[in-house]
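Each remark here refers to the structure printed beneath this line.
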Protein chains: 2
Amino acid sequence: MAPFRVTLADVARRAGVSRTTASFVLSGRTDMRISPDAQRRVHEAAAELGYRPNQTARSLRTHVTRTIGLISDTIATTQFAGEVIHGALDTALERDYLLLVAETSGDPVAEKKLVDEMLDRQVDAVVYAMMYTKPGHPPGSLSGLPVVVLNGIEESFGGPRILPDELGGGRTAARALVDAGHRDGIYAIGGRHRTPEAPDGVYAGRLRMQGVDEVLADAGTSIAGAYECAWEPEHGYDGMLSLLDDGHRPKALVCLNDRLALGAYQAMQERGLRVPDDVSVVSFDDSDLASWLRPALTSVALPHYELGKTAVATLLDGTSERRLVAVPMPLRSRDSIRMVPATAG
Amino acid sequence: MAPFRVTLADVARRAGVSRTTASFVLSGRTDMRISPDAQRRVHEAAAELGYRPNQTARSLRTHVTRTIGLISDTIATTQFAGEVIHGALDTALERDYLLLVAETSGDPVAEKKLVDEMLDRQVDAVVYAMMYTKPGHPPGSLSGLPVVVLNGIEESFGGPRILPDELGGGRTAARALVDAGHRDGIYAIGGRHRTPEAPDGVYAGRLRMQGVDEVLADAGTSIAGAYECAWEPEHGYDGMLSLLDDGHRPKALVCLNDRLALGAYQAMQERGLRVPDDVSVVSFDDSDLASWLRPALTSVALPHYELGKTAVATLLDGTSERRLVAVPMPLRSRDSIRMVPATAG
DNA sequence: CCGTCTTGCTAAATCGAGTTAGCACGCTAA
DNA sequence: TTAGCGTGCTAACTCGATTTAGCAAGACGG
């Protein structure tokens, strides 16, 4: 069943040296005085036999598996996890690491089991990822192992936390509107997303809105109105209709994510409003949806891939003393914002 | 750095037996005659110390790692991979297996590297997944290991292949329309999706259309027209406009995936056609999009989760002689199909 | 009283690497 | 001639489990 594998002993035999010597040569230890000739013979034998060290055996001795655990609460929903895994894997593979991937589905029992399984396999380090910014911290059994938290906003966790720069993202979104000349009639849909657990609003909502407010203030204006609601398409639809029914006439819309923008598009289409001619729209996340909508949506991207890369890099470099790493959220400009003549302040 | 770990020797010492005896007891070998009293002491010691076997050490001896490699060409795009991983992981974890996840990005060099890394870590088996049904087979270095191919339509591969039952899915879609009373004016958008590589059409396209044709024929009717194109939103948009401009008046639409349906929705909205009052729509994939559209889209689901589960189960059961496993595509009924009075054949 | 069988256990080998301690040889210097 | 030293290499141990081979003590039969 298991394919035949060349061992170090095979290499040593063919090179006419001991296993010890072969090991020294192949692990590049210069402190052990091996003649150039013997080195050459070992390297040749290894190349000819296509030798690759058995990582399991090596791990037993060295306690290093070159394997990182990636634990997330949810893999399935949205493309988030896919891109995070992709980024994490690329960075891991650059350094000959591999990823054990698992998800807890938010279930502590499942989490315990899967953390135990990872510990049994001696993972070197763990990325503990949450699919959106929220409280949460790795279980105690992971203490003693290098861990970074991705998207965790619980400050009690002592290790590095990797987060999207939501504040900067909010600024970027507002700047996109301001740069296009918008000053009046700028509305927000979604807002801070207050929930029973987060009465001040969800982390991303708070910071995005704060960034928007700052930039608008700098431009000598402010939000004309905000519709506070949850962040699914139906709420965007309801929110836009509600604004219009209340007599508001938005000229620009900040949708707190792309799904809300989809809902708002649907509502505007029903009411005969055209994007961007009547209403400019800027949004967040840059999901697939953004490029599918007509007109395509200008959106401030969640840097999933970069988050994954940064998480693994932070683990493997280890030198970073930073406890909080904010990853920039870049603007993806498309067709949903119209240039308008700037109005005098 | 590495957390303190209890070893088998610790357990044996505390139970007052040899490591050999402890090993026999804990691995439940009944052929070795251990007294009930000794068994009890070993179990107690293990429980009290919280002993868990070091899987690395065990693997070195047994050549079994209880770890499965999941290699896919693309993880990021669509939710496909996320759900596949989810299903695969659930089934793996049930049996105390874990998943090493990696993606090739379609790059043979990356693929070689990552396959080598997996082999170095002695994975027990591999799921070789493609994100949509297409040709492709695992590299030769994986021969000698149990491998299943997910979504691969290359028949030359000798092992089990797991595929969505596209033919059945096509039938299901058509039946949804027929059951609602539709007989005339049934159009398809997307069609077989012929490409230079697949002049007869993409695998999914061919089989879905075949299933549709069969059911319509059984109902004494047939497709009124099909717009052949690629499967992105813009093509759905163009396709629908093109049909209307050519004087067609569809009463029902089979969109070969949800993104095409999104495009078709956009076109219909521009032309003042209403779903489902003027046009019923059925689609494939059941992506997030399907539930976001207004009205929500009835769609034949790609069973991603089940595909992942089935792939791992097939690997671990090993007994299945089936070379081809077709996983059913269930209908997700929503609001895009209207009941119409059946016309006499 | 001796040989044989069963019961209940353990010493030692093994997996495939990495690592420590030290040996044999030749050269130099006293 | 012999101690001392550097060079170039290897024997043996280690990691933490599994597994093979076999030992000691008691029971039993003749």
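Quick note on labels: first sequence line is chain A, next is B, and so on, each numbered from 1. Quick note: numbers below take in every heavy atom, side chains included, and nothing from hydrogens, waters or symmetry partners.
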Measure from CG on Asp37(A) to C1' on dT7(D) and round the result to the nearest Å. 15 Å
Within this structure, what is the CG-to-P distance between Leu26(A) and dA17(C), rounded to whole angstrom? 10 Å
Nearest listed nucleotide, side chain of Thr20(A), among dA17(D), dA11(D), dT10(C): dA11(D)
When you get a sec, tell me which of dA13(C), dT10(D), dG16(C) is the closest nucleotide to the side chain of Val17(A)? dT10(D)
Aromatic ring proximity, centroids under 6.0 angstrom, Tyr305(B) and His86(B): yes
Taking for each residue the nucleotide of DNA chain D bearing the nearest heavy atom, is the 5' side occupied by Pro53(B) or by Phe24(B)? Pro53(B)
On DNA chain C, does the nearest nucleotide to Ala9(A) precede the nearest nucleotide to Met32(A) from the 5' side, or the other way round? Give the residue. Ala9(A)
Check whether any side-chain N or O of Thr21(B) sits under 4.0 Å from OP1 or OP2 of dT10(C), and answer yes or no. yes
Could you give the CZ-to-P distance, from Arg61(B) to dC15(C), as a whole number of Å? 7 Å
Is a salt bridge present between Asp120(B) and Arg5(A), judged by a nitrogen-to-oxygen distance below 4.0 Å? yes
Let me know the distance between CG of Asp31(B) and P of dG8(C), rounded to the nearest Å. 14 Å
Would you mind reading off the distance between Gln55(B) atom CD and dT18(D) atom C1', rounded to a whole angstrom? 12 Å
Any non-hydrogen side-chain atom of Val327(A) less than 4.5 Å from a side-chain atom of Leu163(A)? no
Under 4.0 Å, heavy atoms only, any strand: does Leu8(B) hit a base, just the sugar-phosphate, or nothing? base
Establish, with yes or no, whether the OP1 or OP2 oxygen of dG18(C) is under 4.0 angstrom from a side-chain nitrogen or oxygen of Ser23(A). yes
Measure the distance from CZ on Arg29(B) to C1' on dT7(C) and round it to the nearest whole Å. 17 Å
From C-beta outward on Arg33(A), which listed nucleotide comes closest to its side chain: dT19(D), dT7(D), dA17(D)? dT7(D)
When rounded to whole Å, the CG to C1' distance for the pair Leu60(A) and dT14(D) reads 9 Å
So, Thr65(A) and Asp124(A): side-chain donor and acceptor under 3.5 Å apart, yes or no? yes
Can you measure Arg41(A) atom CZ to dG8(D) atom P for me and round it to whole angstrom units? 13 Å
Under 4.0 angstrom between Arg5(B) side-chain N/O and dG16(D) OP1 or OP2: no
Below 4.0 angstrom from OP1 or OP2 of dC9(D), is there any side-chain N or O of Ser35(A)? yes
Verify the contact: side-chain N or O of Tyr51(B) to OP1 or OP2 of dA17(D), cut-off strictly under 4.0 Å; return yes or no. yes
From dG18(C), dT10(D), dA17(D), nucleotide with atom closest to Arg58(B) side chain: dA17(D)
Check whether the side chains of Ser18(A) and Thr21(A) place a donor and an acceptor atom closer than 3.5 Å, and report yes or no. yes
